[in-house]
Amino acid sequence: MTRSSLRAEEVVVVTVTGQGTRAERALRGLEDERASVRLSAALAVGSAPDGRYVEVLVERCAVEPEFFVRDMLTWALTRHPVSLTLPALLREVRSERTQARSQALHTLSKLGDRRAWPALTPELLCDAEDEVARSAWRAAAVLVPDGEETALATVLATQLGRGGQETQRSLSRALVALGEPIEPVLHAVMTTKTPPPPPDSGPGSDAGSGSGPGPGPNPAPGSGVGPGPGSGPGSGSGADPDSGPCLGAPAYAGAYAHALATRRLLRDPDIGFAFAIEEAKRVVALGGSGRGED
């Protein structure tokens, strides 16, 4: 062996070892008690993607207490191949841990891969935890396939009036993102207080199967990832707004005002939710219907 070849081998060994050391140091940093160190560690892992670290990143999302660190963890995940991140996130949305479900849904919305759509079940869209439901609404608005907007809006409408102003703002934004298909759904809430029946391909087309979350994700035909057919709000999986976690009509007292405010936002996005909801509440308090705009 010549001296030049020996030096080349030494360089390779040192470089690989150095890379391994940096990655290991970054992974340890994700568990540091200092938020600034965890943030830097997440940045480092995302800057040098390695498929071996996907599961670690997903697990840290479920327990990380600081919002800005969780956001960096999500960014780090988006830097890795979707073929690795998507299956891990689809498993996580079925976790019993609230933050695990919420953060996985948030990350799915950032990935923007519509193969995740079937995982957005009514159980998630109507999750009892506001944090999870809000993340599910945002993800659904991003991932909804063309033609499924009305079916999704019908399920989301069952949550009108739910929670405080931040929760209601999140729902209104998700609905407004669906565009004009929400108009008849909102109109129905303000007139009959019952969303219109969904199309055959949407919620309620197979109500008998809506008894709860299905089994873990199975590979979709030809995709290699994601749940198989028969799940998701618009796939006939039992996303029946008249049963399960989503009641047929909005179950919340402020549903009418919330629907009115959402319609106002759809027609005039620049007014802001705070103004729209207060205006809607005044209309309701004065006994008006807000139908003069129809």
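We use all heavy atoms of the structure for the numbers below, so side chains are in, but hydrogens, waters and symmetry mates are not.
Residue pairs satisfying the salt bridge (charged side-chain N to carboxylate O under 4.0 Å, His left out) criterion with at least one member in residues 158-178, sequence neighbours excluded, are listed as follows: Asp130-Arg162, Glu166-Arg169. Applying the salt bridge (charged side-chain N to carboxylate O under 4.0 Å, His left out) test to residues at least two apart or on different chains, the pairs with a partner in residues 98-111 are Arg101-Asp127. Within the structure, no pair that satisfies the salt bridge (charged side-chain N to carboxylate O under 4.0 Å, His left out) test touches residues 69-82, not counting sequence neighbours.
In terms of the side chain to side chain contact (heavy atoms under 4.5 Å, CB included) criterion, residue partners of Val58 (sequence neighbours excluded) are, by chain and number, Val54, Leu77, Ala88, Leu89, Glu92. Every residue two or more places apart in sequence or in another chain was checked for a salt bridge (charged side-chain N to carboxylate O under 4.0 Å, His left out) with Glu149, and none qualifies. For Arg38, the salt bridge (charged side-chain N to carboxylate O under 4.0 Å, His left out) test picks out Glu64, with sequence neighbours left out. A search for side chain to side chain donor-acceptor pair (under 3.5 Å) contacts involving Glu55 returns Arg91, not counting sequence neighbours. With sequence neighbours excluded, the residues forming a salt bridge (charged side-chain N to carboxylate O under 4.0 Å, His left out) with Lys281 are Glu278, listed by chain and number. Checked against salt bridge (charged side-chain N to carboxylate O under 4.0 Å, His left out), Asp270 has no partners two or more places apart in sequence or in another chain. Taking the side chain to side chain donor-acceptor pair (under 3.5 Å) definition, one finds that Glu59 meets it with Arg97, sequence neighbours left out. For Asp268, there are no side chain to side chain donor-acceptor pair (under 3.5 Å) partners two or more places apart in sequence or in a different chain. In this structure, Glu129 has no side chain to side chain donor-acceptor pair (under 3.5 Å) partners at least two apart in sequence or on a different chain.
The minimum heavy-atom distance between Leu84 and Pro87, with the atom names listed, is O-CD, 3.6 Å.
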Evaluation steps, side chain to side chain contact (heavy atoms under 4.5 Å, CB included), between Leu160 and Tyr256: CA-CA 8 Å; Leu160 286 166; Tyr256 183 95; over 6 Å; no

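Side-chain contact check for Leu124 versus Trp137: every heavy-atom pair is 4.5 Å or farther apart.
Going from atom CZ of Arg115 over to atom CG of Leu86 covers 6.0 Å, rounded to the nearest 0.5 Å.
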